[in-house]
Protein chains: 2
Amino acid sequence: MADHTADQEAWASALHSHGRRVTKQRLAVLAAVQHNPHSPAEGILAAARKDLPELTAQSVYVVLSDLTDLQMLRRFEPPHSPALYETRVGDNHHHAVCISCGRVEDVDCAVGHAPCLTPHWDEHSKPMTIQIADVLYQGICQDCQAKQQLPTQTQVTHEIGER
Amino acid sequence: MADHTADQEAWASALHSHGRRVTKQRLAVLAAVQHNPHSPAEGILAAARKDLPELTAQSVYVVLSDLTDLQMLRRFEPPHSPALYETRVGDNHHHAVCISCGRVEDVDCAVGHAPCLTPHWDEHSKPMTIQIADVLYQGICQDCQAKQQLPTQTQVTHEIGER
DNA sequence: GCACTTATTATGAGTGCTTCACAATAAGGC
DNA sequence: GCCTTATTGTGAAGCACTCATAATAAGTGC
């Protein structure tokens, strides 16, 4: 696995290069996102508080937004879910979400750089200059598929569900 | 353009076939979405109230959710924006949003049926059975591009902006 | 056409996620 | 170590949406 100290130093220099101060709150948030990819703000807060109990939810929101703007974090908003954050940035990868349990998996970008797809404009629309193409895959994960096979009486489908 | 009466009759029979009653509220919402594609619930409410002033916001939310579940409407959730609705369903088309003004354009599906893309799973992730691939294109529309050329002193960029 | 049953809508309050305004704190340059 | 200003904490507010319940009206049978 990655070396904690190395991560911290890399983050510190990245923060410096963006003119940001290196605070324990920012480092705690970055470490929490690193170790809990695809987590919502609330989950980041809980994880970061293990190292820094006095951290507040509002600080987490501020830090997450700022670091996302700086491209040090990436925000991802699945339908019917709060925003999720990850440290994997700059590779334009995509996401697959399970419509049954909400689990998120990374999917490599087929092309490897943005935009990875070129739109086919229909005749009535005005073309835009595309910068990014985000692909959201929706399906059923292996675990949920297995659960759906068994239950004849039990019927324990969707834990979070699509609502 | 489309014939209003024909639309109404088509919607009425579709509602019947789903076991729903044909109410003026549902027809007003459908007509409002038809004439204002990519509008949020609030916009649908405003449009529908021109025909049906006593319609309430809560009813619009209920009707939109129900019709979306029935696949008579499609819901689309751009980042930092409330959900948008459209009557174009069943063709798995995609969307392009302008990051400057928020304008939305339809983009035909590259392949024409869902899923239109097959993910390349990275070695650490557990593959899912994919049912839908939604592509979200983000870029700058022609109008905003034109605005960004001119202003040297004026600097009137982003009206809604990415925040 | 008229009453009746039940889906649908209106009313009003409430929830989750996120942001805002301002005061308290602390990072980094001198 | 001190000072300036970014950053964080505190408390409240906002938006989009949902929930619970009562009032209304669509569609059915007579």
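Being a predicted model, the structure only gives us computed values, none of them experimental.
Ion pairing of D69(A) with R75(A) is absent here, as no side-chain N (NZ or NE/NH1/NH2) approaches a carboxylate O to less than 4.0 Å. Comment: D51(A) does not engage K24(A) in a salt bridge, judged by the lack of any side-chain N to carboxylate O separation of less than 4.0 angstrom.
At dA6(D), none of the side-chain N or O atoms of T23(A) fall inside 4.0 Å of OP1 or OP2 (strictly under the cut-off). R21(B) has no side-chain polar atom (N or O) that falls below the 4.0 Å cut-off from OP1 or OP2 of dT6(C). Contact annotation: S59(A) does not reach the phosphate of dT8(D) (side-chain N/O to OP1 or OP2, under 4.0 Å). Between H16(B) and the phosphate of dG27(D), there is a side-chain N or O to OP1/OP2 separation shorter than 4.0 Å.
At a threshold of 4.0 angstrom between heavy atoms, the contacts of V22(B) are confined to the sugar-phosphate backbone, with no base atom among them. Within the 4.0 angstrom heavy-atom criterion, no nucleotide atom of any strand lies near V62(B).
For L27(B) and dT9(C), the CG to P distance is 10 Å, given to the nearest whole Å. Rounded to whole Å, the distance from NZ on K24(B) to C1' on dA10(C) is 12 Å. Rounded to a whole Å, the CD atom of Q25(B) is 9 Å from the P atom of dA25(D). dA7(C) atom C1' lies 17 Å from atom NE2 of H18(B), rounded to whole Å. R26(A) places its CZ atom 8 Å from the C1' atom of dA6(D), with the value rounded to the nearest Å.
Side chain of E54(A), nearest nucleotide from dT8(C), dT7(D), dG9(D): dG9(D). When the nucleotides dT10(D), dT11(C), dA27(C) are ranked by their closest atom to the side chain of T56(A), dT10(D) comes out on top.
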Listing time: all N or O pairs from protein to nucleotides 15-18 of chain C that are below 3.5 Å?
| unit_1 | atom_1 | unit_2 | atom_2 | d |
| --- | --- | --- | --- | --- |
| dT18(C) | OP1 | A83(A) | N | 3.0 |
| dT18(C) | OP2 | Y61(A) | OH | 3.1 |

